[in-house]
Amino acid sequence: MADQTALSPALLEYARSVSLRDDALLRELYELTARLPGGRAMQIMPEEAQFLALLVRLTGARKVLEIGTFTGYSTLCVARALPPGGRLVTCDISDKWPGVGAPFWERARVADRIELRVGDAVETLAGLRAAGGDGTFDLVFVDADKTGYPHYYEEALALVRPGGLIAVDNTLFFGRVADPECRDPDTEAVRALNERLRDDARVDISLLTVADGITLARKRE
């Protein structure tokens with residue numbers, strides 16, 4: 001049995017060269033985001049966004065929830081993958097960064113599939129649940145403030161349908177989760193969620209050691 005392959009910059013570039021299918025519009029948004037303060041650290045990797053789009057198609061998702069929009073690169077990829085009549089609800093604490101991506105949604109002609117909700121995610125998720133959203137989403141993507149991860153996961157689990165999928169980004173969190181010296185609130189919150197996911201009999205899980213770690217949790221029927 002082979003061990004995990006370490007991804008050198010050259011090998012990562014090779015993997016992108018034979019699998020990444022971005023286009024001029026996606027590259028423009030990605031490069032624009034990279035020039036923003038903290039943009040490189042906060043934006044999703046193109047291959048991960050492509051993977052999310054694949055998950056949408058594989059699961060046949062028609063209703064998707066995204067917790068954490070930033071500049072909307074993943075939003076754009078997911079919206080493009082939705083079938084006719086599909087809907088993506090994406091939420092962010094402010095409209096500043098989603099405002100960067102909104103023109104790209106328009107240019108891609110998928111803006112009509114996207115509903116942006118601005119405000120504290122705790123309140124947004126509570127509002128979705130109060131409006132009868134429990135069990136109505138096919139896929140939920142969590143990529144927001146890390147201290148909120150345990151709460152967002154529980155809300156996502158309620159909102160997703162049985163058999164639906166939750167994808168949680170940054171579950172390796174720059175490698176800090178494996179460093180016992182890292183005790184900051186963000187790292188501790190990601191660790192807490194990882195341990196909860198491991199022991200949660202309500203879901204089937206797999207932590208993929210790609211990008212910054214992405215955990216898939218399928219809600220058991």
Side-chain angles (χ1 to χ4, degrees), residues 1-20 30 33-34 36-55 58 65-71 73-74 77-78 91-93 97 121-122 125 139-158 160 164-220:
M1 179 186 296
D3 290 331
Q4 177 78 28
T5 299
L7 284 181
S8 65
L11 188 54
L12 180 56
E13 184 58 35
Y14 170 77
R16 287 173 174 159
S17 74
V18 295
S19 67
L20 185 60
Y30 188 86
T33 302
L36 298 173
R40 286 193 178 276
M42 292 178 64
Q43 75 174 341
I44 191 172
M45 294 176 71
E47 52 266 39
E48 185 179 358
Q50 181 173 299
F51 177 62
L52 283 174
L54 179 61
L55 289 178
L58 283 172
L65 172 63
E66 181 180 48
I67 305 171
T69 313
F70 193 39
T71 61
Y73 185 94
S74 57
C77 290
V78 168
C91 55
D92 208 90
I93 190 66
W97 300 125
V122 172
L125 297 173
L139 190 152
V140 180
F141 178 50
V142 182
D143 185 17
D145 59 289
K146 307 314 169 200
T147 55
Y149 264 27
H151 178 75
Y152 300 153
Y153 168 66
E154 289 298 328
E155 295 291 270
L157 194 60
V160 77
L165 191 66
I166 300 170
V168 186
D169 198 16
N170 304 117
T171 47
L172 294 180
F173 202 51
F174 306 104
R176 294 180 193 171
V177 289
D179 183 352
E181 298 299 317
C182 291
R183 312 301 298 184
D184 60 279
D186 287 339
T187 303
E188 293 281 43
V190 176
R191 278 199 196 104
L193 177 60
N194 287 341
E195 291 167 9
R196 182 182 302 187
L197 284 162
R198 178 195 62 202
D199 300 331
D200 194 343
R202 298 171 295 176
V203 293
D204 302 305
I205 70 162
S206 180
L207 195 167
L208 306 180
T209 54
V210 296
D212 192 32
I214 181 169
T215 297
L216 303 182
R218 175 188 175 273
K219 184 175 179 178
R220 289 179 172 173

Taking atom CZ of Phe174 as the centre, does the number of heavy atoms from other residues, nucleotides or ligands within less than 6.0 Å exceed 12?
->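 More than 12 within 6.0 Å, yes.
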
Pair Gln43-Leu36, side chain to side chain contact (heavy atoms under 4.5 Å, CB included): steps then yes or no = CA-CA 10 Å; Gln43 75 174 341; Leu36 298 173; over 6 Å; no

Inter-residue atom distance [X].[atom1] - [Y].[atom2], 0.5 Å rounding:
X      : Y      : atom1 : atom2 : answer
Thr171 : Ile205 : OG1   : CD1   : 9.5 Å
Arg198 : Leu207 : CZ    : CG    : 12.0 Å
Leu125 : His151 : CG    : NE2   : 6.0 Å
Asp179 : Phe173 : CG    : CZ    : 12.5 Å
Phe141 : Leu65  : CZ    : CG    : 11.0 Å
Leu208 : Phe51  : CG    : CZ    : 5.0 Å

Which heavy atom in [X] sits nearest to a heavy atom in [Y], and how many Å separate them?
X      : Y      : result
Cys182 : Thr187 : O-CG2, 3.9 Å
Leu139 : Val160 : N-CG2, 4.3 Å
Ala167 : Leu52  : CB-CD2, 4.2 Å
Ser74  : Ala49  : CA-CB, 4.3 Å
Tyr30  : Ile44  : CE1-O, 3.5 Å
Pro180 : Ala178 : CD-O, 3.4 Å

Tell me whether [X] contacts the main-chain N or O of [Y] through its side chain, where contact means a donor paired with an acceptor under 3.5 Å.
X      : Y      : value
Arg220 : Ala201 : yes
Glu47  : Ala15  : no
Lys146 : Ala144 : yes
Thr147 : Asp186 : no
Tyr149 : Asp169 : yes

Please test Thr33 against Tyr73 for side chain to side chain contact (heavy atoms under 4.5 Å, CB included), starting from the C-alpha separation and ending with a verdict.
-> CA-CA 9 Å; Thr33 302; Tyr73 185 94; 5.6 Å; no

Have Asp145 and Tyr152 got a donor and an acceptor in their side chains that come within less than 3.5 Å?
->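 A donor-acceptor contact under 3.5 Å links the two side chains.
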
Any chance you could lay out the salt bridge (Lys or Arg N to Asp or Glu O under 4.0 Å) test for Arg191 and Glu188, step after step, and finish with the verdict?
-> CA-CA 5 Å; Arg191 278 199 196 104; Glu188 293 281 43; 3.0 Å; yes

Step-by-step side chain to side chain contact (heavy atoms under 4.5 Å, CB included) determination, Met45 to Arg16 = CA-CA 11 Å; Met45 294 176 71; Arg16 287 173 174 159; 3.0 Å; yes

Are any non-hydrogen side-chain atoms of Leu7 and Val210 less than 4.5 angstrom apart?
->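 With C-beta onward as the side chain, the pair stays apart.
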
Indicate yes or no: at least one non-hydrogen side-chain atom of Arg176 is less than 4.5 angstrom from one of Val190.
->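 The answer is no; the side chains never approach within 4.5 Å.
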
Apply side chain to side chain contact (heavy atoms under 4.5 Å, CB included) to Arg218 and Leu165, showing your working.
-> CA-CA 5 Å; Arg218 175 188 175 273; Leu165 191 66; 4.2 Å; yes

Is the closest basic N to carboxylate O distance between Arg202 and Asp199 below 4.0 Å?
->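 Salt bridge between Arg202 and Asp199, a charged N being under 4.0 Å from a carboxylate O: no.
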
Name the one of Leu216, Thr215, Leu157 that satisfies side-chain contact (heavy atoms from CB on, under 4.5 Å) with Ile166?
->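 Between Ile166 and the candidates, side-chain contact (heavy atoms from CB on, under 4.5 Å) is satisfied uniquely by Leu157.
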
